[in-house]
Structures are given as C-alpha cells and as structure tokens.
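Here the structure is laid out as structure tokens; the discussion comes afterwards.
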Protein chains: 2
Amino acid sequence: MEVSLRQHHRLLEFRGACPLSVYDHLEFKHFKSIVAIAEEGTITAAATRIPLAQSALSRQINELEDALHIQIFERDRAGISLTPAGESLLRFARELLQTRIDVVKAVQAIHQSTMRPFRLGFTPFIEHQVISTVCDAYRDLFPKGNIHPENGDTEDVIRRLRAAELDAALVTLPVLPDGYCIQPVMHEPLVVCVRKDDPLAQQDKLPAESLNGRLAIFSDPRHHPRAHQRLLEMLEAQGINPKISNPTFNSEHVQWMVRERLCIALIRQSEALHEDLTTRPIEGVNWTIDSAIAYRKEHDQEALPLLLRDLEKRFSVAEPSSPKKPPQRVREKQEQQRLSFGGQNNTSS
Amino acid sequence: MEVSLRQHHRLLEFRGACPLSVYDHLEFKHFKSIVAIAEEGTITAAATRIPLAQSALSRQINELEDALHIQIFERDRAGISLTPAGESLLRFARELLQTRIDVVKAVQAIHQSTMRPFRLGFTPFIEHQVISTVCDAYRDLFPKGNIHPENGDTEDVIRRLRAAELDAALVTLPVLPDGYCIQPVMHEPLVVCVRKDDPLAQQDKLPAESLNGRLAIFSDPRHHPRAHQRLLEMLEAQGINPKISNPTFNSEHVQWMVRERLCIALIRQSEALHEDLTTRPIEGVNWTIDSAIAYRKEHDQEALPLLLRDLEKRFSVAEPSSPKKPPQRVREKQEQQRLSFGGQNNTSS
DNA sequence: GAGTCCAATACTTTATTGCGATGGCTGGCG
DNA sequence: CGCCAGCCATCGCAATAAAGTATTGGACTC
C-alpha cells in the first residue's frame, strides 16, 4: 500500500499537473528578504529587521539566486547592491507583498459576516455605465459579496463617506480632497447644445463671447456646490454671463429648453440628442466632467484595495465618446472580437 | 555581544518595521494547495498532485485557516468545497501564481544577457502617444532594459512578428488573428473632415449617401491591405463610392486636399484641424480605428506578460477625445491634480 | 453491517531554518 | 604600514517546522 502511494508520486511528477518547478523556490518570505536588504543596504542590517540571523539570510538569498539562476544582488566591499535584474524584482516584490496583504484582509472580511455589504455612493451626475462597471468589478472579485449603491447629492455623499456611512463614492470633480483620496475613472468633454438651425451651429467651435446671455446652466448648488461654483468661475473667466435656470438633471428637460429656443446649454458630449439638436465645443477651452471614486484613506472596507486595483484595469481601453461595451479582454488567442470599421450601431438615440 | 543582538530582535519586533505578521502565514505553496484542492475536489486527490501526503496537505490547510482566521473550505461528507471566502481566495491564488511565473521569467531574462532588447513594431497609423505609453511602461518595469521601437507597414510588421523578428507590434485592426494574440489598447472614432463652408457642414450627422463621389480615401493597400479592403467593404455597404487618392499618412496633406475642395476625407476624431476645417460623424455608423498590441502566443520575450499586464492599467481612465496626459494615478492623498472644468488648453492646433 | 471514501489525528522521520563562530575581504585610521 | 571595524560567506550544531506513515472516525453505499 505504502509502496503504491509512493509510486503515484513518482508518476505524477512527470504528468502535466503542477509538480515541483523552479518557480516554487520563490516564496513571499524571499520577497520580504529582498525588500529588506534593498532598503537596509546590508544583509546584516536587513537580518536584524526581518528578524533573522545574518547567516540565515545570506544563505536564503544565495540559495534563491542559485535555484532561479538569477543574480539578484551584487556583492562588493562594504555592502550589497541590486543588479538590474534585482531592481526589477524588487519592484514586483513590493507590489506582490502589498497584494498579499490586501487579499488576506479582503478574504478575512468575506469570512467574517460573509462580508459586510459594500456601500457605494454615487451622485446624479455619474453615468450609469460607470456605476455598473464598478458593481461588476466588485461582484467579479467577490462572488458572494453584496454591493449597495445609494445615490445622493455630492455634499451628502461626501459627508456620509467621511462619516463612514459609505465605503466609497462615485462623484464628479471638483471635490475637496480633505480626509479622503480620489482615483479618477473617466473624463468627458463638455459641449454646448444648440438647435441645428441656430446661427451658432454654423460655426465649428463657438467663441466664448457668442454664448454670453444665451447659455443657461442647470446645475444645482445643492447637488454639488463646488462644481456649481467652479462652473460659474470658469464661465466668468471666459466672459460668459450665464442664465441660471431651475436646476435639473433631466437631460430631456434641458434639451426641451434648447429646442424651445429658450436657451442653449452645456451637456456631456456623449449625451443622446434630439434630432433637432447638435453640439459644439467652446473655442479655446477644454472643459470636462471628471468622474472619480473617492474613499477614506483610513477605510475599514477590506474589499476596497482590491477593488481599486481592479478598477484601474476596468476603466481601460480608452474608447473616446462611446460609453458602451464593458472592457473586453482579448488575451489568449480567440475570435477577434471587434473588427474595426465594424459596428453599424447608431450612437444617437 | 550575542545578547545585544538578540535584544535588537526583541525591540524590532515592536517597531513599525515588518516583523512577523499574520500575512506571513500565507505563502505561494498555500496558493498551490488551494488551487489543487479546489480543482480536484478532495484533499486526497490534490495531495497526490501537489505532490504531498494527504495528511500534510490536510494539516497545511487547517493551520492556514487557523492562522488567518479564515475558513477557506467547507468539509462535509464525501469531500471538501470552497466557502465564499475560499472562492475569492482561489481567484487571487490563480492570479498571483501566474504573476509569480511571469516575474521569474522576466527577471531571469534580465539577468541573462541583461535582457535582450524588446523589439516593438508599430505601423504609421499608430498614434505617437500610444507608442510612448508602451515604452514608458516597459522602462518603468525594467529600468535597465532596452526597448527598440521600429516602424513598418502592417503586413511587414506582422510578418516580422510572426518570424520572431519582433516581440510585439502595435497595429490597427483588423488583422488576421492567425498565430498570434491581440490585446486592444485604444478605439478612436472616424469622422468626415469637411470645409466649414461646405454645405455638408450644415448637417450634424452626414447621411452616407451625401458622401458618395466626394469622399476620398488615402489608405495605402500596401501599408495595411486588410484595413484598406475592410474600409472599401464598409463604404460599399453604405453605398458610398469613394475616390481612391494617392495614399498618404500625412494629415497635413489630407487636410490640404480638403481645404482645396478636392475631396472630403475620413480622419480620426482627435486629429488637430486646420481652422477652415471641421468634422462630422457619418449617420448610422460607428466606425473606429482600433489600436491593439499583437504578440505571438508562443513568445520568447519574457518581459511580455508583465508588460501586457501593466498596459491594462496604463490605458486607463477613459478620456474621450483628448489624447494627452499620460495616465495619472491619484491613489493616496495628494494634491488633487485635475480640477474639472479646468484646463483652458486649446485642443486644436 | 461490511466496504469504501475521505478528513483528521498521533507519532515518526526528514528537511529546513536558526544560531554562533570563523575566515576572507576591504577600507579607514592611527 | 598594520590594526581594527564592518561586511559577507561558510560551517557545525541545535531547534523547529514540515512531511511522511499509519491509524482513527465519520458518513455514505449497497
């Protein structure tokens, strides 16, 4: 019986499974050693920090270099320094060590209480597609986790974020980066919406002065005071005196106002337009609506670091002005998904 | 002497350094065990695959769960299954194990021959900003590495990629995904460039039929035969009969032709325009120029997997139609870099 | 109720790692 | 010039951790 077991081991070593390989000689403890030596400058100093005996650390690194056939350090008098290979390895060592911490924290959180729900605030100005991308990312990372999106005005969302009633919030800039961090996710140009038969539509870019007295703004000071104020400042800097309309986030409403020749308005470039309307950029300026995810630096949501890391990938494949299609990964060989010059999808409604 | 050393150890355990922590109980070998158990369904089967004794594996997992205070597996009759926490952990385990392999391969390559240069092909249609982003990513990952960008026509670049004379290539789609893989990096809408005083400029979206007989194309069959053919097909599908001009990639040249009323032309939406010109989308279609990085599946460039991984992050922060600014990471609290509604940068030349 | 399959446990054996000591090397300093 | 100090590599030995062997006990099947 015991003989047959041992034979199995032998046999399996030659199967395609995943038996011993060179890579197995590299463990997280080696990463820690490498980081410590690189930071301390000597094996001796690093050893006291690990903590470990100097001899043990020296041996550990030598055996690693031997197993991997990589010379990580250059030993010369009075110390030890990184080789080019070691410098790259150091970079990855730091990254992976941090990832390990994030993973453990997140998985611990899932275990305790099957993970408390992730409370994601968002403001009315955030596009739905952005919210769903964030939710998808979360569910992909934590299949059994719960994510609770809740909307609210910017100040309200920020206040709740700061009060730890939210774990993260999707907001549009500008916001005061006070007590929390932000990571941008999308930038979208702002353009002027006019009737197609408006004289302004003749021009390709609208001079700022041509908007004076006609441009209405619909942003609500209560929904996002800083953005509202910033918008007024920017308009003033361009010599534009806007009409302050009743606030609304309803794009249909805004477009109706423009169609009725009551005003012209600023809208997102990607907004679906009524057929009587068109958009024009403003000459000499480059205003955008910037969406970002905000979170407390001292957060207690263990899922957050991994989610942020994943979002960096999600908001990938820069795709100007067509906010559809979740990020597609075409890594290994497969049907080429998108033949360019391809879709006949109508972008307008 | 020996006493003082040991005292140092004691002291340092309480410093902020990086002494023993919970996370250190999780090593790569645990990841391997978790993956094996999850895939095999029983500890016994997984143990023969690792290879390891069943008892050892059982203990290893139990001790890990104990140290991390995470229940990874659910033991019931007839086997073992993942808890929700375990499912998430499994995901990260696979990812990190692959990363470890990629890291070791890349660093080994740096060591041997101080890493052979990374030969990156690109075609004339690739925006310079894309190339520089890729080069930046490479240099960031491998400070001592060399990257050699070389340009060429699409077929030439693809041929050299297939012949292993290039390690990767930035190309515009479509290309036959034959023997190599592609990973998209950017999509850019194609629009029609017309004079501002052209009657067509009155319209907001140009009906396909209005282009018939006027649209000239400048794509070179030699530079990219498939894209050329695809473009012709797409035009034909819309009933557009194009004028075939002498091929050129010089945007100034194309714009000059349009300014001289010789034709109208398809250009990238983000192209800098002469002041007499403007652009209009074509109604009912959504043509884009798709940039992608192509590489052999059986590549021998060890830097490639890590570069691809990093590029997923680099081409981040979807930023419609303003191809500037390398990706900025605003992770930890710092000056909020971009106040929205912010720049007064002129996008046109 | 015997057979089977599986995880967990007890105990033994092996491997790893740690420690202290030593030697070689280099650079600084008297 | 030579001595000392600092550093890394190596060695022998001891402690610890991990793996292996054998066994137990539970649960399901027939």
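Reckoned from all heavy atoms, side chains included, excluding hydrogens, waters and symmetry mates. To find a chain, count down the sequence lines: A is the first, B the second, and so on, and within it residues start at 1. Note that the structure is a prediction, hence the values are computed from the model and not measured.
- Residues from residues 55-71 of chain A placing a heavy atom under 4.0 Å of any atom in DNA chain D, listed by number, are A:Ser55, A:Ser58, A:Asn62.
- Nearest approach of A:Thr48 to A:Pro51, heavy atoms of both residues: O-CB, 3.8 Å.
- Considering only residues two or more places apart in sequence or on other chains, A:Ser132 meets the side-chain contact (heavy atoms from CB on, under 4.5 Å) condition with A:His128.
- Rounded to an integer number of Å, the gap from B:Lys32 NZ to D:dA18 C1' is 17 Å.
- Residues B:Leu311 and B:Ile293 approach most closely at CD1-CD1, 3.9 Å, considering heavy atoms.
- Not counting sequence neighbours, the partners of A:Glu65 by the side-chain hydrogen bond (donor to acceptor under 3.5 Å, both in side chains) test are A:Arg75.
- Atoms CD1 (B:Ile80) and P (D:dG26) sit 18 Å apart, rounded to a whole Å.
- Rounded to an integer number of Å, the gap from B:Glu40 CD to C:dC6 C1' is 14 Å.
- Taking the ring axis of B:Phe31 as reference, the NZ or CZ atom of B:Arg94 does not stay both within 45° of it and closer than 6.0 Å to the ring centre.
- Outside the 6.0 Å centre-distance limit, the rings of B:Tyr295 and B:Tyr180 are not counted as a close aromatic pair.
- Whole-Å rounding puts the A:Ile72 CD1 to D:dC8 C1' distance at 16 Å.
- The separation between A:Glu27 atom CD and D:dA17 atom P is 17 Å, rounded to whole Å.
- Look at CG on A:Asp24: it is 18 Å from P on C:dA15, rounded to the nearest Å.
- To the nearest angstrom, C1' of D:dC8 lies 15 Å from CG of A:Leu52.
- With C:dT16, D:dG20, C:dA7 as the candidates, the nucleotide lying closest to the side chain of A:Lys29 is C:dT16.
- Comparing A:Gln54 and B:Gln54 by the nucleotide of DNA chain C that holds the closest heavy atom to each, the one mapping nearer the 5' end is B:Gln54.
- For A:Arg75, a side-chain nitrogen or oxygen approaches OP1 or OP2 of D:dA9 to under 4.0 Å.
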